[in-house]
Amino acid sequence: SRQMQSGFTLIEALIILAVIGILTALAVPSFYELIQRKNLEGAVEKFTSDLNYAKTESIKRAEDVYIEFSTANACYGLALSNNCDCTETDPTDASACAIDGILKVTDMDDFGNTTFTHTFSAGNETHYNSRRGDASATGRLIFSGADDTTPWEAEVVVSSFRVHVCSDPSDVDSRHVLTYEAACPP
């Protein structure tokens, strides 16, 4: 008499592998876009958090706090004096972007393929005034995260007293606009 054997046949196993492969092929592009979007959102949130930190520190300390940008090195830093170097890794160096001996540098490499450009009226910096808590230079930081097919953009607009985070749907494919304020202020 023949015994009953339980298990999968080779054909059943190959069908299951084919279905898993098809589902994976459909999910990977969506997952990649999600990662890009989260990297960009993280960079925007980090920058707005750093702006708020600079503002509160300038008021608390009664001295100006500077934010220096380097698009060439894809980084920015905070310091109590202007012209700090966001690539300097020694917090005791006079050119380091540091406050109280702690480096205050954000490198865009920490956010995947996110890059930024800026248009500030004072060139590569702005600072928060210790008396009024306002930004000395107004402008915008435009964050981009993209490969050849998926552009993502968000802007952080710094006015004297307010920070706006927005995405302009006219700049990129509307399905790749981050949901912040509806339109960027002029």
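Please read all numbers here as calculations on a predicted model, not as lab measurements.
Although no hydrogens or angles enter the test, the distance criterion places no donor-acceptor pair under 3.5 Å between the side chain of Thr71 and the main chain of Ala74. Formation of a donor-acceptor pair under 3.5 Å by the Thr24 side chain with backbone atoms of Ile20 is found in this model. Side chain of Glu12 to main chain of Thr9: a donor-acceptor pair is present (N/O by atom type, distance under 3.5 Å, no hydrogens or angles). Side-chain atoms of Ser58 do not come within 3.5 Å of backbone N or O of Val65 as any donor-acceptor pair. Within the 3.5 Å criterion, the main-chain N or O of Val158 finds no donor-acceptor partner in the side chain of Thr138. Judged purely by atom type and a 3.5 angstrom limit, Asp107 has no side-chain atom pairing as donor or acceptor with the backbone of Asp110.
Cation-pi geometry between Lys104 and Tyr76 is not met: the NZ or CZ atom fails to fall both under 6.0 Å from the ring centre and inside 45° of the normal.
With rounding to the nearest 0.5 Å, the separation of NZ in Lys38 from CG in Leu40 is 11.0 Å. To the nearest 0.5 Å, atom CG of residue Asn73 and atom CG of residue Asp85 are 7.0 Å apart. A distance of 9.5 Å separates CD in Glu63 from OG in Ser81, rounded to the nearest 0.5 Å. With rounding to the nearest 0.5 angstrom, the OG1 atom of Thr114 is 10.5 Å from the CD atom of Glu41. Distance check, rounded to the nearest 0.5 Å: OG of Ser130 to NZ of Lys60 gives 13.5 Å. Note that CE of Met108 is 10.5 Å distant from CG of Asn39, once rounded to the nearest 0.5 Å.
Summarising the local packing, CG of Leu17 is surrounded by more than 12 heavy atoms from other residues, nucleotides or ligands at distances under 6.0 Å.
Of all heavy-atom pairs between Gly77 and Cys86, the closest is N-CB, 4.1 Å. Considering every non-hydrogen atom in both Thr106 and Lys46, the closest pair reads OG1-CE, 3.3 Å.
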Worked check of side chain to side chain contact (heavy atoms under 4.5 Å, CB included) between Val156 and Phe143: CA-CA 8 Å; Val156 179; Phe143 291 91; 3.8 Å; yes
Give the C-alpha distance, both sets of side-chain angles, the deciding distance and a yes or no for side chain to side chain contact (heavy atoms under 4.5 Å, CB included) between Glu68 and Asn82. CA-CA 7 Å; Glu68 300 282 338; Asn82 63 344; 3.5 Å; yes
Go through the steps for Val163 and Phe47 under the test side chain to side chain contact (heavy atoms under 4.5 Å, CB included), then give the verdict. CA-CA 10 Å; Val163 175; Phe47 182 65; over 6 Å; no
Intermediate values then yes/no, side chain to side chain contact (heavy atoms under 4.5 Å, CB included), Leu78 and Asp50: CA-CA 8 Å; Leu78 283 65; Asp50 287 342; 4.1 Å; yes
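Through side-chain heavy atoms spaced under 4.5 Å, either directly or across other Ile, Leu, Val, Met, Phe, Trp or Tyr residues, Leu26 is tied to Ile22.
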Enumerate, atom names and distances included, each donor-acceptor pair closer than 3.5 Å involving a side-chain atom of residues 92-101, sequence neighbours excluded.
{"residue": "Thr92", "atom": "OG1", "partner": "Asp90", "partner atom": "OD1", "Å": "2.7"}
{"residue": "Thr92", "atom": "OG1", "partner": "Asp90", "partner atom": "OD2", "Å": "3.1"}
{"residue": "Asp93", "atom": "OD1", "partner": "Ser95", "partner atom": "N", "Å": "2.7"}
{"residue": "Asp93", "atom": "OD1", "partner": "Ser95", "partner atom": "OG", "Å": "2.7"}
{"residue": "Asp100", "atom": "OD1", "partner": "Arg61", "partner atom": "NH1", "Å": "3.4"}
{"residue": "Asp100", "atom": "OD1", "partner": "Arg61", "partner atom": "NH2", "Å": "3.2"}
{"residue": "Asp100", "atom": "OD2", "partner": "Arg61", "partner atom": "NH2", "Å": "2.4"}

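Tracing side-chain contacts under 4.5 Å through hydrophobic residues (I, L, V, M, F, W, Y), one reaches Leu51 starting from Leu80; they form part of the same cluster. Under the 4.5 Å side-chain heavy-atom criterion for ILVMFWY residues, no single connected hydrophobic cluster contains both Val105 and Tyr53.
Side-chain contact between His127 and Ile67: absent, with no pair of heavy atoms (C-beta onward) separated by less than 4.5 Å.
Ring orientation note: the planes of Phe69 and Phe116 are nearly perpendicular, at an angle over 60° on the 30°/60° scale.
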